[in-house]
Amino acid sequence: MSEEAKSETGSDFIREIVSRDMETDKHSGTVRTRFPPEPNGYLHIGHAKSICLNFGIAAEANGECHLRYDDTNPSTEDVEYVDSIRNDVRWLGWDWGENEFYASDYFEQMYLYAVKLIKKGKAYVCTLSPEEFKEYRGIPTKPGKESPWRNRPIDENLDLFERMKKGEFQDGEYVLRAKIDMASPNIHMRDPAIYRIKHASHHRTLDKWCIYPMYDFAHCIEDSIERITHSICTLEFEVHRPLYDWILNELEVECHPQQIEFARLNLTYTVMSKRKLLELVKNQYVVGWDDPRLPTISGLRRRGYTPEAIREFCRRVGVTKFNSYTEIELLEYCVREDLNKHALRVMGVLDPLKIVIENYPDGKTEMLDAVNNPEDPSAGIRKVPFSRELYVDSDDFMENPPKKFFRLTPGNEVRLRYAYFIKCHKIIKDMKTGKVIELRCTYDPDTLGGQAPDGRKVKGTIHWVSAKHCLDVEARMYDRLLTQERLDEVDENKDFKDYLNPKSMQVIRCKVEPSLAETKAGAHYQFERKGYFFVDPVDSKPGTPVFNQTVSLKDAWAKIQKKGS
RNA sequence: UGCCGGAUGGUGUAAUGGUAGCACAACAGACUCUGAAUCUGUUUGUCCUGGUUCAAGUCCAGGUCCGGCAACCA
């Protein structure tokens, strides 16, 4: 790895192993990794960490990273997942060229390897029922006992395995086991099952097979066939490593990849397990796998996260063997950082309060210049219509303001962004509720453009839209999925769904400037002083965009208020 | 009671026997036609007890605590 790449990416214990192997020419200088998802769910931000690790390491070393579907269990897998995974990895910005593979591509070879193991006397067909199997295995602190079928003659094993393959038996009737050591302190070495009977149609091989290899048997073979150099996986596979190595040694393969384990990503205030995500989707707690509240890649995409932000996040969380929780604030920081540079600014009023500028001529409209992105002068300027009746955000007015409130209050002058200084002199309230429903204001015509010729200053600048010209649109305001920071610290008697945030999505109607009528699905905006919004690609229609709030802007005033209360 | 890992501020991570650093968060302040961004500053840390060493977050010994492992899932 070059020094430059190091400083960009940082290093970690896995990259150090890879670098050392490069220096010692361990794999004749090549690096080949793989991202091996099982197509039984959608990818989430935790997968993104693994993707960035595997593809990143390969890219830095001028090697390659394979996209390989680990599709050895047809009963949970589906092409919908295959397609979504491919799409998500590509969207994140990675390229695997021709190297898209499937474990199922190797079923024939795996079968032959299993036969080889049987012939070596290292595998046998076991007739124990699943219950007996479990009983014989023992518990971590006590050794298991050997199956009565353990010493079945090789010929009989061969015959039985052949008949398993031919479909002569029911699911669960027989299983092929590796013959290792029932007394091993490592449970995975106690004659693990390596092939089971499953009369299920596979999304690729259809009904060709009714026996399928187990993960431990399949995965190392897949890696070996693809000549993977570094097989990177998560910590829970650490105890599987002896089995990974045992199988490849017994198979006497040429290529024996090195398995390296790292800690999976945990994020506060969300769920990160496929099982829980599936439950939320299937039982319609959310609208789908791409619900913007979910930490799935497709959900984040629909929320308005960018690939750049997600990759930067993955870079910042680092890679270790320490089981940790990353604060969701870091993810939010990363997307703000990216969107601040690239999102066009517009004005949008989320909770409209009508104001009338009494000394502004009725029927007059001025087109005022507004900057599209102060971080990027090349983004240019646009025209925003100004007229006598406007909307401002309710938050920006207080009848009886506390000390540090410097927005609109009775008698206090504020600036309307890109427009004029105004002053409020009359409040109109709903007779029944007492709620403020309209403000009567006056403007200073000499302050056009936001500066007073006499040099007087105003402390506050607020955003607005012209009532006559604005668009009335839907916006979805998203908040964290869970009310609980860490799911591993909750009451064990409770279900994680008890901690679903009832306010994780609030749909509102808001008023936005008319330029947004021309927007297209998938565009990012900053509603000034409010947050970043994304034009929903699913529900937006030409002329009537729907906005998803990606993340709010940081809000110093909210903090001051919080402290005061 | 078995095996495999792990432990550095609130959070994440660096330091590979030689000044405990960075980022997020928090808190101050500066600036500001976004209470944003930007800039400046501040607070907070090596699990414990011994040992080796001129020098230990790092090496050694013993402990403590935490995570993972007992699908014919991956």
Side-chain angles (χ1 to χ4, degrees), chain A residues 10-12 16 36-38 40 70-73 75-77 126 128-130 133-134 137-144 171-177 184-190 192-198 211-212 214-216 218-219 233-242 261 263 268 274-275 316-334 336-337 340-341 345 347 370-371 374-375 404-407 414-419 421 447 449-451 457-463 485 488 526-531 552-560:
Chain A
S11 194
D12 54 67
E16 276 168 25
E38 184 191 12
N40 68 346
D70 207 2
D71 54 351
T72 58
N73 183 4
S75 41
T76 57
E77 297 158 6
C126 185
L128 252 28
S129 70
F133 187 105
K134 189 176 176 182
R137 184 170 38 221
I139 55 172
T141 50
K142 289 201 181 95
D171 288 9
E173 236 178 299
Y174 292 95
V175 67
L176 183 70
R177 291 229 243 173
S184 172
N186 182 341
I187 285 184
H188 299 281
M189 299 298 270
R190 318 238 264 229
I194 57 176
Y195 256 96
R196 79 288 214 186
I197 300 170
K198 220 179 230 295
I211 53 170
Y212 293 94
M214 300 287 294
Y215 169 84
D216 287 308
H219 205 91
C233 62
T234 44
L235 248 29
E236 67 269 27
F237 294 103
E238 219 159 8
V239 284
H240 293 239
R241 188 170 0 112
E261 310 86 10
T268 56
K274 277 190 182 177
R275 201 210 92 230
R316 282 171 181 256
V317 294
V319 180
T320 65
K321 298 187 76 150
F322 178 59
N323 223 310
S324 62
Y325 261 88
T326 295
E327 292 173 332
I328 199 154
E329 285 83 352
L330 182 63
L331 217 209
E332 294 176 341
Y333 173 84
C334 290
R336 285 191 188 108
E337 184 187 41
N340 177 50
K341 282 183 285 192
R345 271 59 171 177
M347 290 194 281
V371 175
E375 304 286 329
K404 287 179 179 166
F405 185 87
F406 35 82
R407 276 113 94 144
V414 294
R415 173 164 43 227
L416 292 177
R417 177 132 236 228
Y418 299 125
F421 287 8
T447 56
Q451 302 289 352
K457 302 280 187 211
V458 291
K459 189 78 174 146
T461 300
I462 65 175
H463 57 99
E485 183 174 340
D488 64 355
Q526 184 197 102
F527 285 12
E528 290 208 36
R529 305 207 308 128
K530 284 295 168 185
S552 68
L553 249 38
K554 290 226 286 189
D555 189 349
W557 169 241
K559 279 185 189 172
I560 295 168

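Residue numbering restarts at 1 for every chain, and letters A, B, ... go by the order of the sequence lines.
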> Could you give the distance separating B:rU46 and B:rC22 at their C1' atoms, to the nearest angstrom?
16 Å
> From B:rG35, B:rA37, B:rA7, pick the nucleotide closest to the side chain of A:Lys554?
B:rA37
> Measure from NZ or CZ of A:Arg316 to the centre of the six-membered ring of A:Tyr333 and say whether it is under 6.0 Å with the direction within 45° of the ring axis.
no
> What closest approach, in Å, do A:Asn73 and A:Lys198 show between heavy atoms, and which atom pair accounts for it?
OD1-CE, 3.2 Å
> Fill in the dot-bracket string of RNA chain B, one character per base: . for unpaired, | for a pair to another strand, ( ) or [ ] for pairs within the strand, taking Watson-Crick or G-U pairs under 3.5 Å.
.((((((..((((....[..)))).(((((.......)))))....(((((..]....))))))))))).....
> Is A:Tyr215 stacked on the base of B:rA74, with ring centres under 5.5 Å apart and planes under 30° apart?
no
> Counting only side-chain N and O atoms of A:Arg196, is one of them less than 4.0 Å from OP1 or OP2 of B:rC73?
yes
> So do A:Ser129 and A:Lys134 actually touch side chain to side chain, heavy atoms under 4.5 Å?
no
> For the backbone of A:Asn186 and the side chain of A:Ser184, can you confirm whether one donor and one acceptor N or O come within less than 3.5 Å of each other?
yes
> Could you tell me how far B:rG6 sits from B:rG57 if I compare only their C1' atoms? Round to whole Å.
15 Å
> Mind checking the C1' distance from B:rU8 to B:rC31? Whole angstroms is fine.
36 Å
> With the side chain of A:His188 defined as its heavy atoms from C-beta on, choose the nearest nucleotide among B:rG6, B:rC72, B:rC69.
B:rC69
> Look at the side chain of A:Arg316 and the base of B:rG12, then say whether one donor and one acceptor between them are separated by less than 3.5 Å.
no
> What's A:Leu330 touching, base or sugar-phosphate or nothing? Going by heavy atoms closer than 4.0 Å.
sugar-phosphate
> So that I can tick it off, tell me whether A:Glu238 and A:Lys321 are bridged by a salt bridge, with the cut-off set at under 4.0 angstrom between side-chain N and carboxylate O.
yes
> Expressed in whole Å, how much space separates the P atoms belonging to B:rG35 and B:rC47?
43 Å
> Do A:Thr234 and A:Glu236 pass the side-chain contact (heavy atoms from CB on, under 4.5 Å) test, and can you show the C-alpha distance, the side-chain angles, and the key distance before you say yes or no?
CA-CA 6 Å; A:Thr234 44; A:Glu236 67 269 27; 3.1 Å; yes
> With rounding to whole Å, what would you report as the distance between B:rC27 and B:rG63 at their P atoms?
44 Å
> Should the side chain of A:Glu236 and the base of B:rG67 be counted as holding a donor-acceptor pair, with the cut-off at 3.5 Å?
no
> Could you point out which residue of A:Arg275, A:Lys274, A:Glu77 forms a side-chain hydrogen bond (donor to acceptor under 3.5 Å, both in side chains) with A:Asn40?
A:Lys274
> Of the listed nucleotides (B:rG12, B:rA71, B:rG5), which one gets closest to any side-chain atom of A:Lys134?
B:rA71
> Starting the side chain at C-beta, find the nucleotide from B:rG10, B:rG35, B:rA71 nearest to A:Met214.
B:rA71
> Provide the distance between the two P atoms, one in B:rU43 and one in B:rG10, to the nearest whole Å.
14 Å
> Give a yes or no answer on whether the side chain of A:Arg529 reaches the backbone of A:Met347 with a donor-acceptor pair at less than 3.5 Å.
no
> Please report the distance separating the C1' of B:rU38 from the corresponding atom of B:rA7, rounded so that it comes out in whole Å.
37 Å
> Using the C1' atoms only, state how far B:rU13 lies from B:rU44, rounded to an integer number of Å.
16 Å
> Select base, sugar-phosphate, or nothing to describe what A:Thr268 touches, counting heavy atoms under 4.0 Å on all strands.
nothing
> Please tell me which of the listed nucleotides, B:rU34, B:rG5, B:rA70, lies nearest to the side chain of A:Ile139?
B:rA70
> From B:rC72, B:rA26, B:rG67, pick the nucleotide closest to the side chain of A:Phe133?
B:rC72
> Which listed nucleotide (B:rA71, B:rC4, B:rG35) is nearest to the side chain of A:Arg137?
B:rA71
> Let's test your reading of the model: under 3.5 Å, does the base of B:rU11 pair with the side chain of A:Glu329 as donor and acceptor?
no
